[in-house]
Undergrad: 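First the structure, which I've put down as structure tokens, then a few questions once you've had a look.
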Amino acid sequence: MVSAAVTTKAPGRGWRQRWPRWVGPAAALWAAGYAGFGLVCALRGAPLLYLGPTPGPSALGWVVAVVGSVAAATCHAVGRLGLRPALRVVLWATCLLAGVAAFGLLMDVITLTFGQGVDSAVAATHHALAAVGAPLLAATARSARRPSEVTVTPPPSAASRPVHLVSWAGSLAFLPYAAMKLTWTTGGTFAGMSGEEMLAVSEHNGASGIWLTLESWGLDGTVLLAALGVFLLWGLVRPWGQVFPRWTWRLSGRRVPRWLPLAPALVGAATLTPYGVLGVGYATLATADVVTMPQGDFPSPGDALLVAWIGLTAFAVYGVALTIAARSYWTRTRPLPREHPEALPVPSSG
């Protein structure tokens, strides 16, 4: 049997093929809205950043207004003058700033998934707006690269062996974290805290009914999300992440849209990687007595440090693994010119 690459018709037959034409105006429209959002927040004194329960300076609204204005002016200039090198640099710089501003979006999604309220609706809206803008600006910066007249989607393939090893590391990193969480939800004691005490802490911190119900069943919401994260990770490195497998019933055999795994992967990588890596750095300094680890609800700072090491190490290793796997998936599923050698039919493993 042979597995042929999938041919994509010439540009102009779908909005996805025409993206270099519409992405610039879309980015300009987003930038204008983003600038207006920042201006309104600055004038009303609404904070866009929270460090725990502490609001950040409301002056950040002016920063958002400036970034949005610069992005809007740059996108307009690209439409009139073309994608000049200097304009591309500005687009990538504003894209990076938007990506940084989107940090926290994953946490907002998690809290809303379990029926809990976010710390600030304004801050959550800012995270979402920035997350929309970052890919629009990145696409505008690449819009001069017109697609080939005819392109093909390469056949499903697995990631390289090094990427598989990294994915194993990202998956196994969650085992100590899951064991710790399940110890509490099943009534055990860890780091000086019993399951009943942890449940009381969750109730005191405003956990939703869904969250508390899961804990009463011996399940932890973050462990369930970790399992979904591992599923996503392996979907990025195995062929079934490119073509729906048999157990998906009616979808079986159809091509998986690239954005479907890449969107959550990029959001997760952009959130968990810096959170985990910086957190591990702080835990290292705390272990060396350079900084103090907040005790929080735990009996001692040492107990809090132990829990921090387990959680932050899991997030750091998984975040790095997710970043590498997403890059591999992006490369392996990128449309190719029809005459490219990899676009030719290849022998099927099945």
Side-chain angles (χ1 to χ4, degrees), residues 49-55 103-121 123-124 127 170-233 264 267-268 271-280 282-283 286-287 291-319 322:
L49 174 68
Y50 277 78
L51 300 174
T54 306
F103 182 81
L105 176 63
L106 180 61
M107 304 305 176
D108 295 334
V109 172
I110 290 174
T111 56
L112 291 174
T113 299
F114 287 100
Q116 296 178 236
V118 294
D119 293 332
S120 167
H127 297 156
S171 303
L172 297 176
F174 275 123
L175 290 181
Y177 179 81
M180 175 182 70
K181 288 285 191 172
L182 293 177
T183 297
W184 284 325
T185 56
T186 55
T189 299
F190 183 81
M193 292 284 287
S194 67
E196 292 182 357
E197 290 173 323
M198 289 300 298
L199 183 60
V201 169
S202 298
E203 292 177 347
H204 176 74
N205 293 336
S208 68
I210 298 175
W211 188 277
L212 296 175
T213 299
L214 288 174
E215 290 196 347
S216 68
W217 293 346
L219 300 174
D220 182 84
T222 56
V223 173
L224 296 177
L225 291 173
L228 289 176
V230 171
F231 176 81
L232 170 63
L233 181 61
V267 171
T271 301
L272 295 178
T273 304
Y275 177 78
V277 171
L278 294 177
V280 167
Y282 188 89
T287 302
V291 297
T292 302
M293 173 63 67
Q295 180 175 334
D297 297 307
F298 292 94
S300 70
D303 292 320
L305 181 59
L306 173 61
V307 172
W309 267 115
I310 293 174
L312 294 172
T313 300
F315 296 146
V317 176
Y318 175 79
L322 189 63

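This is a predicted model, so every value here is computed, not measured. Heads up: numbering here begins at 1 and tracks the sequence.
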Undergrad: Who passes side chain to side chain contact (heavy atoms under 4.5 Å, CB included) against A173, sequence neighbours left out?
TA: V317

Undergrad: Can you confirm whether S171 sits close enough to L233 that some side-chain heavy atom of one is under 4.5 Å from a side-chain heavy atom of the other?
TA: yes

Undergrad: Residues in side-chain hydrogen bond (donor to acceptor under 3.5 Å, both in side chains) with E197, at least two apart?
TA: S194

Undergrad: Would you check, one step at a time, whether the test side-chain contact (heavy atoms from CB on, under 4.5 Å) holds for V277 with L312?
TA: CA-CA 7 Å; V277 171; L312 294 172; over 6 Å; no

Undergrad: Of the non-hydrogen atoms in G319 and L272, which two are nearest, and what is the gap between them?
TA: CA-CB, 4.3 Å

Undergrad: Which atom pair, heavy atoms only, marks the closest approach of P294 to A304?
TA: O-CB, 3.4 Å

Undergrad: Going from CE on M180 to CE on M198, what distance comes out if it is rounded to the nearest 0.5 angstrom?
TA: 8.0 Å

Undergrad: Considering all heavy atoms of both residues, which atom of A286 and which atom of L305 are nearest to each other, and what is their separation?
TA: CB-CD1, 3.9 Å

Undergrad: Ignoring hydrogens, what is the shortest heavy-atom contact between G192 and P299? Give both atom names and the distance.
TA: O-CG, 3.3 Å

Undergrad: Can you tell me if CD on Q295 sees more than 12 non-hydrogen neighbours from other groups inside 6.0 Å?
TA: yes

Undergrad: Return the set of residues passing ring pair (Phe, Tyr, Trp, His ring centres under 6.0 Å) with F103 (not counting sequence neighbours), or none when no residue passes.
TA: none

Undergrad: Who are the side-chain hydrogen bond (donor to acceptor under 3.5 Å, both in side chains) partners of T273, not counting sequence neighbours?
TA: T323

Undergrad: Tell me the closest heavy-atom pair linking F174 and A314, and the distance in Å.
TA: CD2-CB, 3.8 Å

Undergrad: Can you list everything that forms a side chain to side chain contact (heavy atoms under 4.5 Å, CB included) with A178? Sequence neighbours excluded, please.
TA: V223

Undergrad: Work out which heavy atom in A316 is nearest to a heavy atom in G276; give both atom names and the distance.
TA: CB-C, 3.5 Å

Undergrad: side-chain contact (heavy atoms from CB on, under 4.5 Å), that's the test. Do F190 and I310 meet it? Break it down for me.
TA: CA-CA 12 Å; F190 183 81; I310 293 174; 3.6 Å; yes

Undergrad: Enumerate the side chain to side chain donor-acceptor pair (under 3.5 Å) contacts for residues 300-313, please, sequence neighbours excluded, ordered by first and then second residue.
TA: T287-W309, S300-D303

Undergrad: Check side-chain hydrogen bond (donor to acceptor under 3.5 Å, both in side chains) between Y275 and all other residues, then give those that pass, not counting sequence neighbours.
TA: none

Undergrad: Give every residue pair that meets the side chain to side chain donor-acceptor pair (under 3.5 Å) criterion with at least one member in residues 174-193, sequence neighbours excluded.
TA: Y177-T222

